[in-house]
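Comments concern the structure below.
When reading the values below, keep in mind they use all heavy atoms of this one structure, side chains included, and skip hydrogens, waters and symmetry mates.
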Amino acid sequence: MLYIGIDIASKKHDCCIIGKNGDVLATHFTFENNRDGFDLLLKTIGSHCTDHSLKDVKIGLESTGHYSNNIISFLQSKEFSITVFNPLQVNLFRKAQSLRKTKTDKADAKFLANMLLSSDLKPFISPSHQISELKELVRHRFRLIALRSRLKVSVSRLVTILFPELHTVVSSIHQASAYAMLLEYPTVKDISECHLTKLTNLLYESSKHRYHREKTLEIKSLAQKSIGAISFATGFELQQTIRVINNLQQELVILDKRIKKVMIEINSPILTIPGISYTLGSIIIAEIGNIHNFDSPNKLLAYAGLEPSTYQSGNFTANKTPMVKHGSTYLRWALLQASRLVVQNDTVFNDYADKKRSEGKHYFVVLSHVGKKLVRVIFHLLKNNTSFVPQA
């Protein structure tokens, strides 16, 4: 049996090969993150496989996000057994091996090989192509929403400079009608001098007929005595920022349609759970990946970071401990959001939440308990490929 540790980087990877007795067969070698480098890795592995089958080769690497995608796909295409380690686990193992604060790519590759030798972790089972594609779409959606949120903060800052009183007459400065007005009239001078009928029609159409002439008069009156700065440069920045937000919103609509299309193709039983639709369902499915990587609901719960920490020493056992929060941030967020919606749509989950609330638990603590129950349900549905059946 050969144990191979690979330390992943953006342009090159470091590798160490040890035998079944822990003897080092290849102390350290580096290969480039390209086809020639991957072929060199195969050649080096083959030179040490004279008495071994490729099935007797175990390869371990650290989870490093997108940097490891290509090497994992390549090794899986060659039918190697791959184990992906949690970076926290690798860090703790490294500290346990030495008191020195030493961290190099060469040492990390050897640590990974030794972890393979000393652990009994099962190989990583890659998700289907559809789920891998879904994960890319979901992560892309999170990035677009984060960008949109930052731009909305910029809009709030700019409106505070140009028209600080606006929030007193509209329910939100980020609503469609406010954006439409600011896009056409970015400064209080523009609003004060604009034609009343034109502004009335603009607000009436963009607010879906909620704002009438009275609201227009109120806004114009407020703009005429506003302390807002008359800065055309700041107004131009506000207009451009709003246009970018509107474009992002259109792209998100297109992206959501693409995600929905993939979810319909996957036809996951998670969509049968009341309250979980295509958006939340896609995040949960994409982040879980292959459910067969998890032996029990507890391991899935740990991967989501929803399990409580444990502290016990002597006769003392802490009864109030924080959530671990190690694992997929995206999955944890989606499960907590889904918990809130499932409570609203399913009687059993609602009764369970009421029970926890009657025990005096905080709202978010109640959600975490519901989330744990939901994880067990999701695990059962995905493992058995069965639909959710509401309980009496």
Side-chain angles (χ1 to χ4, degrees), residues 8 61-68 83-96 103 108 115 119 121 124 127 131 134-136 138-147 149-150 270 273 275-276 279-291 293-313 316-343 349 352-353 356-357 359-380 382:
I8 304 295
L61 46 88
E62 190 176 355
S63 177
T64 52
H66 63 281
Y67 290 119
S68 59
T83 300
V84 181
F85 291 105
N86 188 311
L88 180 62
Q89 189 179 11
V90 177
N91 188 41
L92 293 174
F93 183 83
R94 184 192 303 113
K95 290 180 178 179
K103 186 190 182 304
D108 284 350
M115 284 184 72
S119 67
L121 294 176
F124 170 75
I131 292 181
L134 186 63
K135 185 173 183 178
E136 292 297 324
V138 166
R139 293 286 181 94
H140 177 50
R141 187 178 188 275
F142 266 100
R143 287 188 287 269
L144 288 184
I145 289 176
L147 175 59
S149 298
R150 290 195 295 271
I270 197 172
I273 300 176
I276 297 182
T279 301
L280 282 178
S282 65
I283 299 170
I284 295 171
I285 289 295
E287 291 301 317
I288 290 176
N290 194 318
I291 191 62
N293 283 318
F294 305 95
D295 294 328
S296 67
N298 287 337
K299 290 190 176 181
L300 179 56
L301 189 71
Y303 176 67
L306 281 173
E307 64 175 352
S309 56
T310 303
Y311 184 84
Q312 183 272 330
S313 179
F316 173 76
T317 301
N319 54 15
K320 288 187 178 181
T321 54
M323 192 183 292
V324 174
K325 292 188 179 180
H326 290 156
S328 172
T329 304
Y330 305 101
L331 178 58
R332 182 166 58 254
W333 177 87
L335 286 171
L336 290 175
Q337 294 300 315
S339 298
R340 177 177 58 83
L341 295 171
V342 170
V343 165
F349 277 95
Y352 182 71
K356 293 300 176 182
R357 279 193 289 264
E359 295 172 2
K361 298 187 184 298
H362 189 276
Y363 173 74
F364 292 111
V365 177
V366 172
L367 274 189
S368 69
H369 281 281
V370 174
K372 294 172 193 174
K373 184 179 179 67
L374 182 59
V375 164
R376 294 192 292 271
V377 172
I378 291 173
F379 181 85
H380 174 77
L382 296 182

Considering all heavy atoms, the nearest Ser68-Leu61 contact:
CB-CD1, 4.5 Å
How long is the gap from CD on Glu287 to CG on Leu300, to the nearest 0.5 Å?
11.5 Å
In short, salt bridge (Lys or Arg N to Asp or Glu O under 4.0 Å) pairs touching residues 294-303 with sequence neighbours left out are Lys122-Asp295, Asp295-Lys299
I want to check something: taking the side chain as every heavy atom from C-beta on, are Val342 and Val377 in contact at a cut-off of under 4.5 Å?
no
Indicate the atoms forming the closest heavy-atom contact of Ile283 with Ala334, along with that distance.
CG2-CB, 3.6 Å
Nearest atoms (heavy-atom pairs only) where Leu335 meets Ala304:
CD1-CB, 3.8 Å
Do Leu341 and Ile276 come close enough that some side-chain heavy atom pair is under 4.5 Å?
no
So do the side chains of Leu374 and Ile273 get within less than 4.5 Å of each other, counting heavy atoms only?
yes
Mind checking whether Ile291 and Ile378 have side chains closer than 4.5 Å, heavy atoms only?
no
Name all residues meeting the side-chain contact (heavy atoms from CB on, under 4.5 Å) criterion together with His326; count only those two or more places apart in sequence or in a different chain, and write none if there are none.
Leu88, Val324
Do Ser328 side-chain atoms and Leu331 backbone N/O form a donor-acceptor pair below 3.5 Å?
yes
Taking all non-hydrogen atoms of both residues, which atom of Glu62 and which atom of Val84 are closest, and how far apart?
C-CG1, 4.4 Å
What closest approach, in Å, do Gly371 and Ser339 show between heavy atoms, and which atom pair accounts for it?
CA-OG, 3.1 Å
Check against side-chain contact (heavy atoms from CB on, under 4.5 Å), Thr83 and Met115
CA-CA 10 Å; Thr83 300; Met115 284 184 72; over 6 Å; no
What's the spacing between Phe142 CZ and Arg139 CZ if we round to 0.5 Å?
8.5 Å
For Lys372 and Leu301, the nearest pair of non-hydrogen atoms, with its separation, is CG-CD1, 3.7 Å
Sorted by chain and number, sequence neighbours left out, side chain to side chain donor-acceptor pair (under 3.5 Å) with His140 holds for none
Mind checking the OH-CD1 spacing from Tyr330 to Ile284? Nearest 0.5 Å is all I need.
15.5 Å
Arg340: partners by side-chain contact (heavy atoms from CB on, under 4.5 Å), with sequence neighbours left out
Gln337, Gln344, Tyr363, Leu367
Give the ring-plane orientation class for Phe294 versus Tyr303, where under 30° counts as parallel, over 60° as perpendicular and anything between as tilted.
tilted
Quickly, which of Leu144, Ile145, Val138 forms a side chain to side chain contact (heavy atoms under 4.5 Å, CB included) with Arg141? Name it, please.
Ile145
Ring pair (Phe, Tyr, Trp, His ring centres under 6.0 Å) against Tyr352, all qualifying residues, sequence neighbours excluded
none
Are the side chains of His369 and Lys373 in touch, meaning some heavy atoms are under 4.5 Å apart?
no
Does the side chain of Leu336 reach to within under 4.5 Å of the side chain of Leu306, using non-hydrogen atoms?
yes
So do the side chains of Ile285 and Leu382 get within less than 4.5 Å of each other, counting heavy atoms only?
yes
With Phe364, which residues qualify under ring pair (Phe, Tyr, Trp, His ring centres under 6.0 Å), at least two apart?
His362
